[in-house]
Visitor: 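Dumping the structure here so I can ask a few things about it.
This is a predicted model, so every value here is computed, not measured.
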Amino acid sequence: MGQLVYGVGDSRQTFVMDNETLLHIQAAMQLRFRKDGKGFSVGIAHEEAGPTAWTFVWLHPSIPVVFKYDNTEPLELDFEKAKEFAEQAAQPFGLAFPAENRPRLVKWEE
């Protein structure tokens, strides 16, 4: 499983998701930020609060984000899927995932 580490200091959070989803979120961010430099939100489910609890994080070029992959094998980027993620990110509620594919908030970093 991969990790998206968001923010710094007291507000840093770690989200765990499969490597493929992480790769496509990373590509969607790069597409969105390169296109217009605007931020967008990503909906992430709370593991400890059950399947209906969500956190939406605001992704923006000025906010530090680290992508950690748990394998050394190259991942295959589906450019169409990355474009779909980027297009969804441009919608009013941003990028959110169906219940079965949601990234999970598993740890608040202290």
Visitor: Going by heavy atoms in the side chains, are F67 and V5 under 4.5 Å from each other?
Guide: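 No - every pair of side-chain heavy atoms lies 4.5 Å or more apart.
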Visitor: Hey, are the side chains of N19 and N71 touching, using non-hydrogen atoms and a 4.5 Å cut-off?
Guide: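 N19 reaches N71 side chain to side chain.
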Visitor: Do M29 and F93 sit in one hydrophobic cluster, given that two such residues count as connected whenever their side-chain heavy atoms are within less than 4.5 Å of each other, even indirectly?
Guide: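 No; tracing contacts between hydrophobic side chains, which count when under 4.5 Å, never links both residues.
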Visitor: Report yes if the side chains of L59 and Y6 come closer than 4.5 Å at any heavy-atom pair, otherwise no.
Guide: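 Sidechains of Y6 and L59: in contact.
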Visitor: Give the ring-plane orientation class for F40 versus F33, where under 30° counts as parallel, over 60° as perpendicular and anything between as tilted.
Guide: tilted
Visitor: The criterion is side chain to side chain donor-acceptor pair (under 3.5 Å); which residues satisfy it with S62, sequence neighbours excluded?
Guide: H60
Visitor: With side chain to side chain contact (heavy atoms under 4.5 Å, CB included) as the test, would you mind laying out the steps for L22 and F15 before giving the verdict?
Guide: CA-CA 10 Å; L22 182 60; F15 302 92; over 6 Å; no
Visitor: Quick one: list whatever passes side-chain contact (heavy atoms from CB on, under 4.5 Å) with Q91, sequence neighbours left out.
Guide: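 Here no residue qualifies.
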Visitor: How close do I25 and F85 get, counting heavy atoms only, and between which atoms?
Guide: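 Of all heavy-atom pairs spanning I25 and F85, the closest is N-CD2, 3.9 Å.
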Visitor: Can you give me every donor-acceptor pair (side chain of residues 74-81, partner residue at least two apart or in another chain, under 3.5 Å) with its distance?
Guide:
from : atom 1 : to  : atom 2 : distance (Å)
D78  : OD1    : E80 : N      : 3.1
D78  : OD1    : K81 : N      : 3.2
K81  : NZ     : E20 : OE2    : 3.1

Visitor: For residues A82 and A28, report the shortest heavy-atom separation together with the two atoms involved.
Guide: O-CB, 3.8 Å
Visitor: Output all residues satisfying ring pair (Phe, Tyr, Trp, His ring centres under 6.0 Å) with F56, sequence neighbours left out; order by chain, then residue number.
Guide: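 In terms of ring pair (Phe, Tyr, Trp, His ring centres under 6.0 Å), with neighbours along the sequence ignored, F56 is linked to W54.
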Visitor: Atom CE in M17, atom CG in L4: separation rounded to 0.5 Å?
Guide: 5.0 Å
Visitor: For V8, give me all partners under side-chain contact (heavy atoms from CB on, under 4.5 Å), at least two apart in sequence or on another chain.
Guide: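 Residues passing side-chain contact (heavy atoms from CB on, under 4.5 Å) with V8: P64.
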Visitor: Would you mind listing every salt bridge (charged side-chain N to carboxylate O under 4.0 Å, His left out) that reaches into residues 24-33, with sequence neighbours excluded?
Guide: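 As it turns out, the salt bridge (charged side-chain N to carboxylate O under 4.0 Å, His left out) pairs with a partner in residues 24-33, which skip direct neighbours, are R32-D36.
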Visitor: So, taking the atom named CG in L95 and the one named CD in Q88, what distance separates them when rounded to the nearest 0.5 Å?
Guide: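 With rounding to 0.5 Å, CG (L95) is 5.0 Å from CD (Q88).
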